[in-house]
Amino acid sequence: MDLNIKINQQDHLDIGGADTVELAKEYGTPLYVIDENRIRENYKRVYKAFTKYYSDFKIFYACKANTNLSVMRILEEVGSSIDAVSPGEVYTALNTGFTPDRILFTGNNVKDEELKYIDETGVRINIDSISQLKRLANIINPKKIIKETGEAYKISFRVNPMVGAGHHEHCITGGEMSKFGIKDNEAVEVYKLAEELGFNPVGMHTHIGSGILDPEPFKLATTVLMDIAGVVAQKTDIDFEFLDLGGGLGIPYTPEEHLLDINPFAEEITGIFKSKLSEYGMDGVKSPSMYIEPGRYIVGDASVILTKVNTVKDSYRKFIGVDSGFNTILRPSMYDSYHHIMVANKASAKEVETLDIAGNVCESGDLFARDRPLPKIEEGDLLAIMNAGAYSFSMASQYNSRPRPAEVLVKNGESEIVREKETYDDLFNKQIIPERLKK
Ligand SMILES: *Cc1c(COP(=O)(O)O)cnc(C)c1O
């Protein structure tokens, strides 16, 4: 069992040294609680593991996992860079102190207005399709840029390595069913086209999926990416400045799963990286930097959602009803994901029955757990939905007209509100009732 769980002397669940029962009393429920030190530890663990074997290494935190401004500030402080997948994420990163050179934009089906915006920010664009390449060329006129500045506009490409992996088919982002990236067997052509258009393609990127606990697919994708990059380097005059292996590092969600053993993982990945650099003669003085883009691994196990039991219902099944729903964490409903659930006010109580934990959204799919072995649960108990740091608030909605809950940051036992809970009036944000419909 590798879940990030700490139980205090009152038999309450602790997060970041703070008692979850006290947090629920102070801030109300539902509540997202973020453990600052855990984010810092997760980042450092990866950084240390990889730089031990390859010093020219950078982490681009995939901020779609969690764009909370304080989380972004923590990652800026530790020295991370940012993988942004939308103009809004670029805007968020710039506004939380990341300089443009620390941001890589990897969009999908990006429209011209968005390309114009990203270009104006000075953030590097990682291109996903030939269409996007040609449209960017029309927008910025790369040949004119060379004339004016003497330097070519730098871009990179996302490549589909025909390898995919992930915890759910929706999360597999490589392979022939995937909408992402340029085709592996078109890479040489596309890099040549980019040069003809006046660009300087300095990087290659891939990202095969999410929630990967088995190193094999990541190793395979690294091998394939390095082979594609190697062939491009041999058949063109391109010197790669960076090769980006993407994210997807998993975390244990179930008690049976184990943390990815990051040190041997880093050793293997950097081993493949280095041997491929030398195989293709890319290991000279200007050997490329290695980037990875973990999102979930950095923030996933740093948060819990606290939610209170208001209803115990003996129907045809036994339901435990709580005061949040899939509008606060979509993963169980959307991906059928397992999230470990603890009774925060009696954290070491033994499992005695199997229960369904149901949210308060009016949809039958609004379940946090089905047939889950749990201790005896009573109305008024506080439940903690574990591992709620990644793809939780960032996917939250106001569905059912439920304002989104507050977020609290804890560090060494101290807590601070970092996002106020929304009010009913926030449900009306930006809406305009035409005059003729007004009462
Ligand atoms: C989502 C995403 C990631 C991060 O995925 P995780 O599973 O959270 O590590 C990295 N790179 C890109 C391009 C992504 O879209």
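As a basis for the values below, the full set of heavy atoms in this structure was taken, side chains included, without hydrogen atoms, waters or symmetry mates. Counting starts at 1 for both ligands and their atoms, in listed order.
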May I ask you to identify the nearest protein heavy atom to [atom], giving residue, atom name and distance to one decimal place in Å?
atom: atom 8 (O) of ligand 1; result: Tyr391 OH, 2.5 Å
atom: atom 12 (C) of ligand 1; result: Asp83 OD2, 3.3 Å
atom: atom 11 (N) of ligand 1; result: Glu293 OE1, 2.6 Å
atom: atom 7 (O) of ligand 1; result: Ser210 OG, 2.3 Å

Subject >> salt_bridge(Lys219, Glu216) N-O dist < 4.0 Å >> reply: yes
Under 3.5 Å, N or O to N or O, is [X] touching ligand 1 that way?
X: Ala65; answer: no
X: Lys64; answer: yes
X: Gly295; answer: yes
X: His205; answer: no

**OP:** With sequence neighbours excluded, give me every side chain to side chain donor-acceptor pair (under 3.5 Å) pair touching residues 176-194.
**Re:** Asn108-Lys179
Original post:
So is Gly248 in contact with ligand 1, going by heavy-atom distances below 4.0 Å?
Top reply: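 The answer is yes: ligand 1 sits under 4.0 Å from a heavy atom of Gly248.
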Subject >> Part of Tyr297 with heavy atoms under 4.0 Å of ligand 1, whether side chain, backbone, both or neither >> reply: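 The answer is neither.
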Original post:
So which bit of Val85 gets within less than 4.0 Å of ligand 1, heavy atoms only: side chain, backbone, both or neither?
Top reply: side chain
**OP:** Working to the nearest 0.5 Å, report the span between CD1 of Ile103 and CD1 of Ile125.
**Re:** 12.0 Å
Original post:
In terms of ring plane angle, is the pair Phe265 and Phe50 parallel, tilted or perpendicular, where the classes change at 30° and 60°?
Top reply: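 Rings of Phe265 and Phe50: perpendicular, over 60°.
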Looking at [X], which atoms of ligand 1 are within less than 4.0 Å of one of its heavy atoms?
X: Arg296; result: 6 (P), 8 (O), 9 (O)
X: Arg158; result: 13 (C)
X: Ala62; result: 3 (C), 4 (C), 10 (C)
X: Pro294; result: 9 (O)

Original post:
Is a side-chain donor-acceptor pair under 3.5 Å present for Tyr399 with Glu363?
Top reply: yes
**OP:** Could you verify whether a donor N or O on one side chain and an acceptor N or O on the other, from Ser394 and Asn66, lie under 3.5 Å apart?
**Re:**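 Their side chains do not contain a donor-acceptor pair, so the 3.5 Å distance test is not met.
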**OP:** Mind running salt bridge (Lys or Arg N to Asp or Glu O under 4.0 Å) on Glu414 and Lys411 for me, showing each step along the way?
**Re:** CA-CA 5 Å; Glu414 301 294 321; Lys411 186 176 185 182; over 6 Å; no
Subject >> salt bridge (Lys or Arg N to Asp or Glu O under 4.0 Å) between Lys308 and Asp323, worked out >> reply: CA-CA 6 Å; Lys308 212 154 206 180; Asp323 65 355; over 6 Å; no
**OP:** Determine the minimum heavy-atom distance between Ala152 and Gly198, stating which atoms define it.
**Re:**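 The pair with the smallest heavy-atom distance is CB-O, 3.7 Å.
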Subject >> Counterpart residues, side-chain hydrogen bond (donor to acceptor under 3.5 Å, both in side chains), relative to Ser348 (two or more places apart) >> reply: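 Counting only residues at least two positions away or on another chain, Ser348 forms a side-chain hydrogen bond (donor to acceptor under 3.5 Å, both in side chains) with Asp11.
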